[in-house]
Amino acid sequence: HLQIALAPDADGTASPTHLDARGAVEVHRDGQHLWADEAEASFSEDMDDPGHIIMGRVVATGNARIRLEGGERIFASIAESSTDTGIINLRGTPVLGGTDSFVLDQCLTLALDERNNAMTMPGPGRFSTFREPLALADEEGPISIDWIHQLLETRTTALADTATGAGAG
């Protein structure tokens with residue numbers, strides 16, 4: 001299902017104003033990739049560059065998976081992004097973000113401020129860091145949260161075996 005609302009821009013050219021997509025949705029913007037079951041996006045004319053259309057607010061629901069430009073992976077039930085604020089709000093259990101060396105999980109909400117390169121998690125959660133890379137950035141396409149959980153379980157088991165000497169042979 002794909003529905004696009006069009007309206008004339010300043011030049012009279014038909015331009016998108018709203019997009020509604022359902023079923024294996026994929027959105028790309030400035031080195032970021034979003035995969036979800038459903039997504040809605042709004043568009044508007046760039047006031048600084050008339051005739052140029054920019055994506056405004058994007059709301060992705062149902063198994064939202066994001067790959068940021070640096071390779072970080074974020075998983076949430078709902079992901080809401082706005083180019084006006086530069087903030088991506090993530091909600092739903094679990095919300096998980098990771099890079100090659102850390103994973104943040106078991107949290108309910110997470111806010112990423114792209115302009116200030118900051119992250120806010122106003123509640124419970126778990127932060128794990130690893131000496132060896134997790135290889136998240138090597139995966140180009142959408143990966144499932146189960147893949148991350150398996151990876152974490154493998155790393156945690158290996159670490160526990162090393163600490164107890166069980167992995168030595």
Side-chain angles (χ1 to χ4, degrees), residues 4-5 9-10 15-21 25-149 151-152 155-156:
I4 302 173
D9 62 15
S15 298
T17 58
H18 186 83
L19 175 135
D20 183 15
V25 176
E26 194 169 328
V27 178
H28 302 275
R29 184 193 71 162
D30 299 332
Q32 296 180 4
H33 303 280
L34 166 79
W35 298 272
D37 296 336
E38 300 180 8
E40 286 188 47
S42 63
F43 300 87
S44 62
E45 191 167 3
D46 188 342
M47 301 312 269
D48 297 329
D49 186 8
H52 181 74
I53 304 300
I54 57 173
M55 188 182 299
R57 184 172 172 259
V58 176
V59 178
T61 57
N63 196 23
R65 293 151 295 161
I66 300 170
R67 182 179 190 270
L68 299 176
E69 191 171 5
E72 300 88 353
R73 297 297 184 130
I74 310 293
F75 302 84
S77 298
I78 300 169
E80 185 176 344
S81 162
S82 171
T83 55
D84 292 338
T85 63
I87 295 177
I88 302 172
N89 286 304
L90 304 146
R91 298 184 303 275
T93 305
V95 173
L96 183 144
T99 66
D100 284 344
S101 61
F102 82 88
V103 171
L104 176 64
D105 67 342
Q106 297 183 4
C107 49
L108 301 176
T109 63
L110 182 64
L112 302 174
D113 184 338
E114 297 179 288
R115 293 183 182 154
N116 297 312
N117 200 24
M119 179 173 43
T120 305
M121 184 188 68
R126 176 177 65 178
F127 181 84
S128 304
T129 185
F130 302 91
R131 287 190 179 115
E132 298 294 322
L134 297 175
L136 295 176
D138 294 341
E139 299 294 323
E140 287 298 318
I143 56 177
S144 73
I145 198 159
D146 294 334
W147 186 87
I148 295 289
H149 284 204
L151 189 63
L152 285 174
R155 288 296 176 96
T156 304

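Everything quoted here is computed from the prediction, not taken from an experiment.
- Distance alone, capped at 3.5 Å, is enough to place a donor-acceptor pair between the T17 side chain and the A5 backbone.
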- Task: Please lay out, stage by stage, how L90 and I66 fare under the test side chain to side chain contact (heavy atoms under 4.5 Å, CB included).
- Result: CA-CA 10 Å; L90 304 146; I66 300 170; 3.9 Å; yes
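- Applying the salt bridge (Lys or Arg N to Asp or Glu O under 4.0 Å) test to pairs two or more places apart or on separate chains, none has a residue in residues 43-52.
- Closest non-hydrogen pair, M55 versus F43, comes out as CA-CD2, 3.8 Å.
- For the residue pair A36 and A64, the shortest heavy atom distance occurs at CB-CA, 4.0 Å.
- In this structure, the separation between NE2 on H18 and CD on E40 is 4.0 Å, given to the nearest 0.5 Å.
- The OG atom of S81 sits 8.5 Å away from the CG atom of L34 when rounded to the nearest 0.5 Å.
- Taking every heavy atom of both residues into account, V59 and E80 meet most closely at CG2-CG, 3.8 Å.
- Within the model, atoms OG of S77 and CG of D37 stand 10.0 Å from one another, a figure rounded to the nearest 0.5 Å.
- Atom-to-atom distance recorded for R73:CZ and L68:CG is 9.5 Å, nearest 0.5 angstrom.
- Of all heavy-atom pairs between M121 and T109, the closest is CG-O, 3.5 Å.
- Looking at S44 and I54, their side chains come closer than 4.5 Å, going by heavy atoms from C-beta outward.
- What you find for R91 and A76 is that their closest heavy atoms are O-CB, 3.5 Å.
- To the nearest 0.5 angstrom, H33 atom NE2 is 6.0 Å from R67 atom CZ.
- Taken to the nearest 0.5 Å, the CD1 atom of I88 stands 4.0 Å off from the CD atom of E114.
- A donor-acceptor pair under 3.5 Å is absent between the side-chain atoms of R115 and the main chain of D113, judged by distance alone.
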